[in-house]
Amino acid sequence: MKKIVVDGLKYKYPLSEALALQDISFEIEEGEFIGIIGKNSVGKSTLCQALVGLVPHFYKGAYGGKVLVDGLEVRNHSIADISRKVGMVFQNPFTQVTGSKMTVYEEIAFGLENSGLPREEMRQRIDEVLRLMRIEHVKDHSPFDLSGGQMQRMAIASIMAMKPDILVLDEPTSQLDPAGSEEVFQAIQDFSQQGITVIMAEHKMEKIAQYCNRVLLLHEGRLVDFDTAEKIFSREDLKDYGVTAPVYTRVCRALGVKKQGCDGYPVTLEDAELALRRSFA
Ligand SMILES: Nc1ncnc2c1ncn2[C@@H]1O[C@H](COP(=O)(O)OP(=O)(O)OP(=O)(O)O)[C@@H](O)[C@H]1O
Ligand SMILES: [Mg+2]
């Protein structure tokens with residue numbers, strides 16, 4: 001089933017000359033884990049915001065084409081309606097904090113309070129996401145006493161607690177160290193394996209390769225390609241888009257070792273190891 005359909009989307013911020021998104025079309029099936037990549041300022045965050053309705057409802061500006069989320073046309077529905085289906089984690093976790101809650105626990109509870117859930121279910125969900133995001137030990141702290149990494153975990157926990165059908169994440173681990181990032185990606189993957197559709201803008205190509213089943217490459221507001229990580233990272237012209245393939249892909253390309261049964265180069269450590277062992281056997 002198609003969870004997201006984007007058809008001829010064009011968008012320009014108010015007071016801006018250039019289009020931030022130019023004639024973008026793609027479709028995402030239920031349960032996919034999609035990566036959005038591209039260098040700085042190509043429109044990754046803008047596209048994420050178009051999937052949750054902040055573009056155009058919050059930012060205004062000039063808008064053309066269609067975005068359908070679970071059958072709802074974003075342009076014709078309020079952000080409140082759309083947010084029942086889609087949860088978004090922002091690039092800067094500070095943007096996400098309400099600023100009105102005394103503790104991390106209350107901050108996470110905030111989104112659930114208007115959902116009409118029974119208290120006990122709310123408590124269970126909050127305990128679960130605190131555990132998943134490994135922030136149980138700071139649940140009674142003020143959100144503003146957290147480190148950047150803890151704040152990012154709290155922002156993700158708040159959205160996960162709502163159990164949206166679709167999760168949009170804009171560079172969700174920018175404040176985290178490598179071990180912390182890995183933990184958070186694993187938690188997002190668990191979520192995706194429960195059938196949730198995940199769309200994630202990210203600069204860490206090794207992570208994109210490891211977790212995403214398809215990758216959408218953006219450049220200057222245009223969609224360049226939307227395909228498997230192997231296809232995208234094996235493109236000869238990748239450098240023209242300011243993107244560096246995972247190190248495993250670059251090594252295998254230098255050695256001319258392709259992934260078995262596939263026209264591209266390996267993109268993960270496991271696949272590179274397999275391909276290299278076979279080729280040197
Ligand atoms: N609120 C805004 N008002 C006007 N222009 C904006 C606004 N937000 C972003 N832009 C412009 O839109 C274009 C796309 O920006 P966007 O933030 O979507 O890029 P990005 O790919 O997410 O970049 P990054 O990798 O740095 O996060 C840029 O030219 C940017 O300057
Ligand atoms: Mg961005």
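Order of appearance sets the numbers: ligands from 1, and atoms from 1 within every ligand.
Val267 is connected to Val243 through a chain of hydrophobic side-chain contacts under 4.5 Å among Ile, Leu, Val, Met, Phe, Trp and Tyr, so both are in one cluster. Linking ILVMFWY residues whenever their side-chain heavy atoms come closer than 4.5 Å, directly or via other members, leaves Ile166 and Leu169 in distinct clusters.
Within the structure, ligand 1 has Glu171 among the residues with a heavy atom less than 4.0 angstrom away. Ligand 1 lies nowhere less than 4.0 angstrom from a heavy atom belonging to Ser16.
Remark: Asp23 does not engage Arg222 in a salt bridge, criterion side-chain N to carboxylate O under 4.0 Å. Under the 4.0 Å criterion applied to side-chain N and carboxylate O atoms, Lys2 and Glu29 are assigned as salt-bridge partners. For the pair Asp225 and Lys231, the salt-bridge criterion is not met [side-chain N within less than 4.0 Å of a carboxylate O].
Nearest protein heavy-atom contact of atom 25 (O) of ligand 1 is Lys44 NZ, 2.7 Å. Of the protein's non-hydrogen atoms, Gln91 NE2, 3.0 Å is the one closest to atom 27 (O) of ligand 1. Ser45 CB, 3.7 Å is the protein heavy atom nearest to atom 17 (O) of ligand 1. Of the protein's heavy atoms, Tyr13 CD1, 3.3 Å lies nearest to atom 5 (N) of ligand 1. Protein heavy atom in closest approach to atom 15 (O) of ligand 1: Thr46 OG1, 3.8 Å.
The aromatic rings of Tyr211 and Phe33 lie parallel to each other, with less than 30° between the two planes, well short of the 60° mark.
At under 3.5 Å, a nitrogen or oxygen of Ser41, whether backbone or side chain, sits near a nitrogen or oxygen of ligand 1. By the 3.5 Å distance cut-off applied to N or O atoms, Gly43 is counted among the residues near ligand 1. At a 3.5 angstrom cut-off on N or O pairs, Val42 counts as close to ligand 1.
Contact annotation: Ser45 places an N, O or S atom under 2.8 Å from the Mg ion (ligand 2). Among the atoms of Gln91, an N, O or S atom falls under 2.8 Å from the Mg ion (ligand 2).
Side-chain atoms of Ser181 and Lys207 include no donor-acceptor pair closer than 3.5 Å. Between the side chains of Gln186 and Glu182, a donor-acceptor pair is found at a separation under 3.5 Å.
Between atom 24 (P) of ligand 1 and the options Asn40, Leu47, Leu15, the minimum heavy-atom separation is to Asn40.
Of all atoms in ligand 1, numbered sequentially from 1 with element shown, those under 4.0 Å from a heavy atom of Tyr59 are 1 (N). Contact atoms of ligand 1 toward His203: 25 (O) (distance under 4.0 Å to a heavy atom of the residue).
Annotation for Lys204: atom NZ counts as buried by contact number, over 12 foreign heavy atoms lying within 6.0 Å.
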Practice problem: Step by step, work out the salt bridge (Lys or Arg N to Asp or Glu O under 4.0 Å) result for Arg123 and Asp127. | Solution: CA-CA 6 Å; Arg123 212 178 47 76; Asp127 288 343; 3.3 Å; yes
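Counting protein heavy atoms under 4.0 angstrom from atom 31 (O) of ligand 1 gives zero.
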